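What follows is a set of notes on a single structure, which appears directly below.
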Amino acid sequence: MMLTTAPGNPLRGRARLPGDKSISHRAILFSALADGESRITNLLVAGVTRVMLAALRDLGVSWRLEGTDLIVQGGGLGGLQAPDKPVDCGNSATTMRLLVGALAAAGIPAVVDGSPGLRKRPMGRIVSPLQQMGVPIEATEGHSPLILQSASTRPRPLDYAMPVASAQLKTCLLLAALAAEGTTTLREPGPSRDHTERMLRGMGVEVVSERGAVYADQEWYNTVRLVPPESRSLAPLSLEVPGDVSAAAFLIVAALVTPGSKITIPGVGLNPTRTGLLDALRAMGGRIEVQNQTECCGEPVGDLVVRHSHLRGTEIAGPLVVRMIDEFPVFAVAAAFASTPTVVREATELRYKESDRITVLCQELRALGVSVIEHPDGFALPGGSPPLGGEVNPHGDHRLAMSLVVAGLASARTVQVNGAEIIDESFPDFVATLRGLGAEVRRMPPDKTV
Ligand code: S3P
């Protein structure tokens with residue numbers, strides 16, 4: 001499927017967001033591990049979460065989806081059943097890394113695999129610490145398929161300095177740690193998202209986070225300690241998933257760069273480990289207001305009001321990189337519209353996402369006429385070189401596809417994004433949402449008429 005933009009229309013009105021992807025993944029999986037029935041509303045129903053749901057069905061979990069409401073019958077920490085075929089994680093690294101933690105806790109044999117794209121993503125980062133916990137798991141040269149054997153003992157508690165600030169790694173290890181004999185301690189080099197800690201606390205687990213500890217002569221951003229529940233049981237969830245700030249990111253940048261725009265996005269998840277893009281855009285002169293701030297199921301939420309703004313460049317490095325790790329494709333689009341230079345450093349982790357989000361992003365922005373320089377750990381834009389227009393390829397990366405569409409809403413000429421069906425992985429209503437705000441985005445082949 002191909003999307004073509006007709007630039008120029010100002011964006012106006014209110015946008016409805018899908019449920020947060022990270023919280024949805026955790027809500028589905030943690031409910032399956034709870035004792036009893038969980039109810040989740042505003043779940044993200046999209047390619048990546050359908051993969052998690054299907055994988056759990058293959059592991060013997062019963063659930064029922066009613067629109068975006070999910071009801072799960074949790075069978076407890078040891079309730080997953082050994083699958084009779086490889087568990088397919090599709091394109092979803094979150095599904096693979098989180099599920100493996102749950103399988104390690106259950107101690108059951110399984111083969112866990114995914115698409116050719118997922119097979120390229122690094123899995124050594126979860127396999128090596130799990131092996132230190134005594135989990136019988138092997139990777140295939142650091143990648144999937146991953147093979148777990150039946151475990152004869154429970155995982156050993158772990159004391160681990162994480163080589164990368166990754167919430168998927170942290171969550172995988174915390175899930176395995178739920179079944180361990182004692183307390184697990186993880187040290188993180190940066191502020192990775194903390195939805196797991198918040199949700200597990202809500203399910204009755206003792207999880208303590210401490211900022212800024214020194215260990216082995218090194219300064220660590222965060223220390224997380226998990227004490228396995230004595231009862232070996234997690235309380236079921238009753239949870240409303242906040243709107244996905246990473247989906248909002250595309251609408252925010254679209255409104256900032258398109259003249260005459262003013263939009264409202266209600267119910268956005270505003271967990272500080274996720275709002276790095278808002279800080280970066282504000283530093284660039286972006287007019288973004290937060291209204292009606294409140295808390296929903298242990299997560300901060302609020303409404304955003306975004307107005308078209310004249311942007312200047314900025315510099316991004318350090319903890320801010322982690323707090324906006326999924327937002328670099330659309331951030332780069334904002335930076336392309338800025339009048340002065342932007343530099344992104346210390347962001348090598350971007351090379352291990354759904355695509356190599358340094359090389360591929362630079363390549364596709366150049367195809368639109370934007371000046372951009374690739375660096376080993378980031379990229380730089382001189383500013384004053386907005387997108388002209390052209391034909392681009394998102395390389396099977398949903399976030400790159402949406403970012404390129406956003407570039408085409410305010411470019412000099414049209415932008416044609418090929419392979420745009422990949423957007424369904426995380427934001428199936430993306431085009432409808434943009435159209436609802438007044439954007440002109442055409443689809444080929446056209447939408448099915450009912
Ligand atoms: C996620 C963590 C991040 C992020 C991904 C979702 C999560 O990955 O990029 O989209 O839900 O834990 P890493 O943990 O690999 O940084």
Side-chain angles (χ1 to χ4, degrees), residues 18-30 43-44 46-49 51-52 89-102 114 117-118 120-127 129 142-144 160 162-175 186 188-200 221-222 224 241-242 244-250 269 271-277 299 319-331 346-358 361 396-403 422-423 425-427:
D20 185 88
K21 172 167 96 70
S22 289
I23 297 177
S24 294
H25 270 305
R26 287 160 174 75
I28 299 169
L29 178 58
F30 298 6
L43 187 85
L44 169 68
V48 291
T49 46
V51 151
M52 176 68 97
C89 299
N91 291 320
S92 173
T94 314
T95 299
M96 182 171 280
R97 296 196 179 113
L98 270 51
L99 201 57
V100 164
L118 184 51
K120 290 191 195 137
R121 310 275 298 273
M123 292 299 149
R125 57 179 62 180
I126 59 168
V127 169
H143 298 265
S144 52
Y160 190 61
M162 290 167 44
V164 49
S166 158
Q168 294 180 1
L169 167 59
K170 176 171 65 178
T171 305
C172 172
L173 300 178
L174 291 178
L175 289 176
L186 304 178
E188 294 195 89
S192 78
R193 61 197 66 192
D194 66 354
H195 306 301
T196 295
E197 295 91 309
R198 287 170 187 255
M199 203 179 285
L200 285 179
Y221 194 90
N222 209 22
V224 183
V241 180
D244 195 335
V245 66
S246 295
F250 303 104
N271 180 315
T273 60
R274 297 285 300 283
T275 51
L277 179 76
E299 294 276 349
L320 184 54
V321 171
V322 185
R323 293 180 50 242
M324 57 182 281
I325 192 68
D326 286 337
E327 276 63 77
F328 282 93
V330 82
F331 167 77
E346 301 174 342
T348 313
E349 192 58 18
L350 293 179
R351 296 197 181 276
Y352 310 110
K353 294 295 175 187
E354 284 83 333
S355 66
D356 175 339
R357 282 192 184 151
I358 296 180
L361 175 63
D397 183 336
H398 55 125
R399 297 200 197 280
L400 185 56
M402 289 185 271
S403 304
I422 195 70
I423 291 171
E425 287 289 89
S426 69
F427 195 169

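The analysis underlying the following values was restricted to heavy atoms, covering all of them including side chains, and did not include hydrogens, waters or symmetry mates. Note that ligands are numbered from 1 as they come in the structure, with each ligand's atoms numbered from 1 the same way. Worth saying up front: this structure is predicted, and the values here are computed from it rather than measured.
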Show the nearest heavy-atom pair for residues [X] and [Y], with the distance to one decimal.
X: Thr49; Y: Leu44; value: OG1-O, 2.6 Å
X: Ser144; Y: Met123; value: N-CG, 4.0 Å
X: Arg323; Y: Pro272; value: NE-O, 2.7 Å

Under the rule for side chain to side chain contact (heavy atoms under 4.5 Å, CB included), what residues qualify as partners of [X], not counting sequence neighbours?
X: Ala247; value: Leu17, Pro18, Asp244, Phe427
X: Pro189; value: Met162, Ala165, Trp220
X: Val245; value: Val268, Arg274

So what's ligand 1 close to, N/O to N/O, under 3.5 Å?
residue, atom, partner, partner atom, Å
ligand 1, 8 (O), Gln168, NE2, 3.4
ligand 1, 8 (O), Lys353, NZ, 3.1
ligand 1, 9 (O), Asp326, OD1, 2.5
ligand 1, 9 (O), Asp326, OD2, 3.4
ligand 1, 9 (O), Lys353, NZ, 2.7
ligand 1, 10 (O), Lys21, NZ, 3.3
ligand 1, 10 (O), Asp326, OD1, 3.3
ligand 1, 10 (O), Asp326, OD2, 2.8
ligand 1, 11 (O), Ser22, OG, 2.7
ligand 1, 11 (O), Arg26, NH1, 2.8
ligand 1, 12 (O), Arg26, NH1, 3.4
ligand 1, 12 (O), Arg26, NH2, 2.6
ligand 1, 14 (O), Ser166, OG, 2.7
ligand 1, 14 (O), Ala167, N, 2.9
ligand 1, 14 (O), Gln168, N, 2.9
ligand 1, 15 (O), Ser166, OG, 3.4
ligand 1, 15 (O), Lys353, NZ, 3.3
ligand 1, 16 (O), Lys353, NZ, 3.1

